[in-house]
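What you are looking at is a predicted structure, and each value in this text was computed from that prediction instead of being measured. Letters A, B, ... are given to chains in the order of the sequence lines, protein chains preceding strands, and every chain is numbered from 1.
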Amino acid sequence: MYFTTYTMIREALAACTGEQEVDLGDGGDHADLASTIAFRLAKVRKTAPARIAAGIAAELAPSLATHDITVEALGPYINFRFGQRYVAEAVREALAPGYGGLPEKQQKVCIEHTSANPNGPLHVGHIRNSILGDSLARAFAKAGYPLEVQYYVNDMGRQIAIVAWGFDNLGMARNEGEKGDHYVARVYIAANRAIEADPEIKAGIDARMAAIEQGDPETVRRFRTAVELCLGGIKATLADLHIGHDRFMWESDFVRNRHMAGVIQRIALLPEAKNEGTLSVDLSAFGFEKEYVIRRSDGTSVYAARDLAYHEWKAGNFDVNIDVLGADHKLIGAQLQCTLRLLGEQPPEIVHFEFVSLPEGSMSTRAGMFVSADALIEEVTARALEEVTVRRPDLSIEERSAIARSVAVGAIRYDIIRVSPEKSTVFDWKEALNFERQSAPYIQYAHARACSILEKAGGFEPEFAFATGEEIALAKHIALFPRVIAQVVEERRPHLLSVYARECADLFNTFYRYNPVLKSEGATRNSRLTLVRAAQNTLKEALETLGIDALESM
RNA sequence: GGACCUGUGGCUUAGCCAGGAUAUAGCGCCGGGCUUCUAACCCGGAUGCCGGGGGUUCGAAUCCCUCCAGGUCCGCCA
């Protein structure tokens, strides 16, 4: 309803003014939509903006009135207000299952996210990547795109060689009940300490790097065992956070299947290539100071070579490729894009996010300085269970635990997604454990309240007679949901959805406070129940697109 | 030193790319509201030279320049 109404008004304005761009935007408190085109026309026509606005409003009023839209000039602003017909139709649309979904698209989309090195568990910095990527993926799916989500497994880097060395030489046993990723981290940290103490060990690491590149079976087996041990733990953490990947792409596969060799060959033929011991690409013409190294002087490949092969493969298999990467990858990401362009391949789009640090400094797996996602989930779940137990002593421990898990995952996901990715943040336990505020539980609670009303009401005949300010404000906001999904996808900014969902909950709570539903009668009761159903459905769809459970009771 | 990102009430934060009408919310603070559909809620109040300075524009939190502060990167690591 929103899209068709917007388009209709835009076209009416264009026809009336003869302008292509009609400066039509949100009207804030003043209107549902407003145009500021009179300012621009004032210059050309040498007439006061208010006079122009009044003229346009008068001209458009009769035809828009037939669509139940009023036009009014207020000074230089042309304000459009939607009437009952819009509100009724918007609520009707919002009753449908899957509301907010957009028409099916043809372009195949691949979103790569998380892709953390398998040398330890995910920490609270990694999950900013995971949550951003997963929310974006959910939005793309809702917007009708065929989608594949990938995790690129760096299974042959120096870190993994260090882990493999640690397993071979340190004789560290796995603790009782220890997750694989935490065990791998312990070995990795200890191995790094050993290297610091004895630099001679480095030769053993280098030997493993060369062996893995040559595909030495025993080395491959040892690396793979370590990586799979770690990846199993990472997958479990991601599953706890409602995050899944369709495919895990192993870096070493691009070496084994000769894909990387092909890319290196093509790079060597570029005019920008420099083959002087190392193979590198001179990107100085594109503003990069440092050369982009592809192959070491000893003939082994560096990460960049495998990454180029992976992205070349992706370019050939998908129409849109999106990588979610931390700010530390900005330079290499740009170098990768630039080099792919030189090769004539479509480079990926990169969605960057800034760092999450601890109050005592940056996180580092190697130094063992991080707060793991598992620890965060455990703490927040325990805190949520306390809260549920206070509020709902009537429920069984199983029911309370299930609610606590949903609340905890929602709180974590929401806390991370609500902040714009370009802002760096400092992790704060106190804040993470507090959900009496702008949070997922607040939105989940509004949804649960709506469910409770609907359950108590039983059956009803849908009606669409809305009268109070709270009813209309809620209905009009519900109507914006498909637009928000479109925006999230177009701008690759899922945090817009978190803002929208919270606003929906705000408006529902205000409606709830002033508009008794079950105690009203006749058309009012049916209309309000219809609106509650629409709000419940919208909140549910919005929450699920954010990867948060829409609880029916809490 | 260079490149990129950030700076909005005491704290956290939306809006900035596509400039417009009194700058968005939350926490905290002050004052109200549960015999009423779940108070993880609602209502009212105080708190802002939108980092500083210059510029463009009828109009700047938003665009440009500059300075200051914080983060990130600049490896034959990934």
Side-chain angles (χ1 to χ4, degrees), chain A residues 21 23 25 27-31 34-36 38-40 42-43 49 74-77 79 115-117 119 154 156-160 209 251 277-280 287-291 293-304 306-307 326-332 334 352-355 357 362 384 387-388 390-392 407 411 415 418-426 428 431 434-446 448-457 491 493 495-496 498-499 502-503 505-506 509-510 512-520 528-529 532 553-554:
Chain A
E21 174 53 56
D23 300 342
D29 295 339
H30 306 276
S35 170
T36 56
F39 286 110
R40 197 148 50 79
K43 251 179 225 163
L74 185 64
Y77 300 93
N79 292 331
S115 301
N117 282 328
N119 58 357
N154 304 135
M156 56 182 296
R158 180 154 230 108
Q159 286 95 329
I160 307 309
M209 299 278 287
E251 182 183 11
T278 64
L279 173 65
S280 63
F288 297 96
E289 286 178 26
K290 303 280 174 147
E291 283 169 11
V293 177
I294 307 296
R295 193 176 58 205
R296 300 187 183 92
S297 53
D298 66 2
T300 59
S301 62
V302 296
Y303 175 80
R306 282 102 66 177
D307 208 17
D328 54 337
H329 285 67
K330 274 187 187 176
L331 178 60
I332 55 161
H352 285 290
F353 63 94
E354 292 289 329
F355 260 44
S357 56
S362 315
E387 199 69 35
V388 180
V390 169
R391 293 168 195 282
R392 300 297 303 273
V407 164
D415 255 354
R418 60 182 257 272
V419 180
S420 306
E422 61 271 16
K423 295 218 186 198
S424 51
T425 63
V426 177
D428 179 358
E431 219 168 276
N434 177 10
F435 4 87
E436 292 180 352
R437 59 196 179 93
Q438 222 166 40
S439 67
Y442 170 81
I443 303 165
Q444 289 171 308
Y445 185 66
R449 277 178 147 180
C451 287
S452 174
I453 291 175
L454 292 168
E455 198 197 335
K456 289 195 167 109
E491 300 177 26
R493 287 172 71 79
H495 97 278
L496 296 173
S498 69
V499 174
R502 197 210 69 226
E503 288 168 347
D506 286 341
N509 280 328
T510 307
Y512 178 96
R513 165 70 179 78
Y514 293 104
N515 299 264
V517 178
L518 298 177
K519 286 185 179 162
S520 57
R528 286 183 180 168
L529 279 168
V532 170
S553 169
M554 63 187 280

Can you check nucleotides 4-8 of chain B for protein contacts, nitrogen or oxygen pairs under 3.5 Å, and list what you find?
| residue | atom | partner | partner atom | Å |
| --- | --- | --- | --- | --- |
| B:rC4 | O2' | A:K330 | NZ | 3.1 |
| B:rC5 | O4' | A:K330 | NZ | 3.2 |
| B:rC5 | O2' | A:E354 | OE2 | 3.4 |
| B:rC5 | O2' | A:E422 | O | 2.8 |
| B:rG7 | OP1 | A:K423 | NZ | 3.2 |

Under 3.5 Å, which protein N or O atoms sit close to an N or O of nucleotides 42-44 of chain B? Give each pair with its distance.
| residue | atom | partner | partner atom | Å |
| --- | --- | --- | --- | --- |
| B:rC42 | OP1 | A:Y442 | OH | 2.9 |

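Nearest nucleotide to the side chain of A:D328, out of B:rC73, B:rG15, B:rU22: B:rC73. Comparing B:rC74, B:rU72, B:rC37 by their nearest atom to the side chain of A:K456 picks out B:rC37. Side chain of A:P441, nearest nucleotide from B:rA40, B:rU13, B:rC73: B:rA40. Checked against B:rC37, B:rU12, B:rC77, the side chain of A:R158 finds its nearest nucleotide in B:rC77. Between B:rC37, B:rA25, B:rG15, one nucleotide has an atom nearer to the side chain of A:V517 than all others, and that is B:rC37. Taking the side chain of A:V407 as heavy atoms from C-beta on, and the options B:rU57, B:rU13, B:rA40, the nearest nucleotide is B:rA40. Ranking B:rG75, B:rG15, B:rC37 by closeness to the A:K290 side chain, first place goes to B:rG75.
In this structure, A:R418 contributes its side chain and A:V499 its backbone to no donor-acceptor pair below 3.5 Å. In this structure, the side chain of A:H352 engages the main chain of A:G326 through a donor-acceptor pair within 3.5 Å.
Between B:rC67 and B:rG75, the distance separating the two C1' atoms is 33 Å to the nearest Å. B:rG31 and B:rA18 are spaced 47 Å apart, taking the P atom of each and rounding to whole Å. A distance of about 15 Å separates the C1' atoms of B:rA61 and B:rU22, rounded to the whole Å. Taking atom P on both nucleotides, B:rA21 is separated from B:rA60 by 11 Å, rounded to a whole Å. Distance noted for atom P between B:rG19 and B:rU62: 12 Å (whole Å). Between the P atoms of B:rA23 and B:rG48, the separation comes to 13 Å (whole Å). Between B:rG53 and B:rC68, the distance separating the two P atoms is 15 Å to the nearest Å. Separation of the P atoms belonging to B:rG15 and B:rG54 is 28 Å when rounded to the nearest angstrom.
Here the closest heavy-atom approach between residue A:V407 and residue A:Q444 is recorded as CA-OE1, 3.8 Å.
When rounded to the nearest whole Å, the span between CD1 of A:I443 and C1' of B:rA25 equals 12 Å. Distance A:E251 CD to B:rA78 P: 8 Å, rounded to the nearest Å. Straight-line distance from the CE atom of A:M156 to the C1' atom of B:rC77: 13 Å, rounded to whole Å. Atom CD of A:Q438 and atom P of B:rA40 are 18 Å apart (whole Å). Atom CD1 of A:I294 is separated from atom C1' of B:rA78 by 14 Å (rounded to the nearest Å).
Using N1 to N3 plus N6-O4 or O6-N4 for Watson-Crick, or N1-O2 and O6-N3 for G-U wobble, each under 3.5 Å, B:rC27 pairs with B:rG10. Shown here, B:rU57 forms no base pair; nothing in the strands shown gives a Watson-Crick or G-U wobble contact with both key distances under 3.5 Å. Searching all strands for a Watson-Crick or G-U wobble partner of B:rC4 with both distances below 3.5 Å returns B:rG71.
Note on A:G326: nothing from the nucleic acid sits closer than 4.0 angstrom, heavy atoms only. At the heavy-atom level, A:S420 lies under 4.0 Å from the strands shown only through sugar-phosphate atoms. Within the 4.0 angstrom heavy-atom criterion, only backbone atoms of the sugar-phosphate kind lie near A:R306; the bases stay farther away. Among the heavy atoms of the strands lying under 4.0 Å from A:N515 is at least one base atom, whether or not backbone atoms are also near. Within the nucleic acid shown, A:R295 has no heavy atom closer than 4.0 Å to any nucleic acid atom. As judged by a 4.0 angstrom heavy-atom cut-off over every strand, A:D428 is placed among residues making no nucleic acid contact. As judged by a 4.0 angstrom heavy-atom cut-off over every strand, A:V532 is placed among residues making no nucleic acid contact. Among the atoms of the strands shown, only primed sugar atoms or phosphate atoms (P, OP1, OP2) are found under 4.0 Å from some heavy atom of A:A327. Counting any heavy atom pair closer than 4.0 Å across all strands shown, A:I332 reaches a base atom.
Note that CG of A:D23 and CZ of A:F39 are 10.0 Å apart. Values are rounded to the nearest 0.5 Å.
Between the side chains of A:R502 and A:S439, no donor-acceptor pair of N or O atoms lies under 3.5 Å. Side-chain contact, A:R306 with A:N154: no donor N or O sits under 3.5 Å from an acceptor N or O. A donor-acceptor contact closer than 3.5 angstrom is absent between the side chains of A:E354 and A:S424.
Under 4.0 angstrom from either OP1 or OP2 of B:rG59 there lies no side-chain N or O belonging to A:T36. The phosphate of B:rG15 (OP1 or OP2) has a side-chain N or O of A:H495 nearer than 4.0 angstrom. Under 4.0 angstrom from either OP1 or OP2 of B:rA78 there lies at least one side-chain N or O belonging to A:R296. Phosphate contact (OP1/OP2 of B:rG75, side-chain N/O of A:Y303, threshold under 4.0 Å): absent. An OP1 or OP2 oxygen of B:rG26 is reached within less than 4.0 angstrom by no side-chain nitrogen or oxygen of A:S439.
Closest-nucleotide positions on RNA chain B for A:R493 and A:S362 were compared, and the one nearer the 5' end corresponds to A:R493. Heavy-atom nearest nucleotides on RNA chain B were determined for A:A34 and for A:M209, and the one closer to the 5' end corresponds to A:A34.
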Derivation of the side-chain contact (heavy atoms from CB on, under 4.5 Å) call for A:R295 and A:T300: CA-CA 6 Å; A:R295 193 176 58 205; A:T300 59; over 6 Å; no
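Qualifying ring-ring contact (aromatic ring centres under 6.0 Å, His included) partners for A:F355, counting only residues two or more places apart in sequence or in other chains: none.
One donor-acceptor pair, N or O on each side, does fall under 3.5 Å between the base of B:rA18 and the side chain of A:E491.
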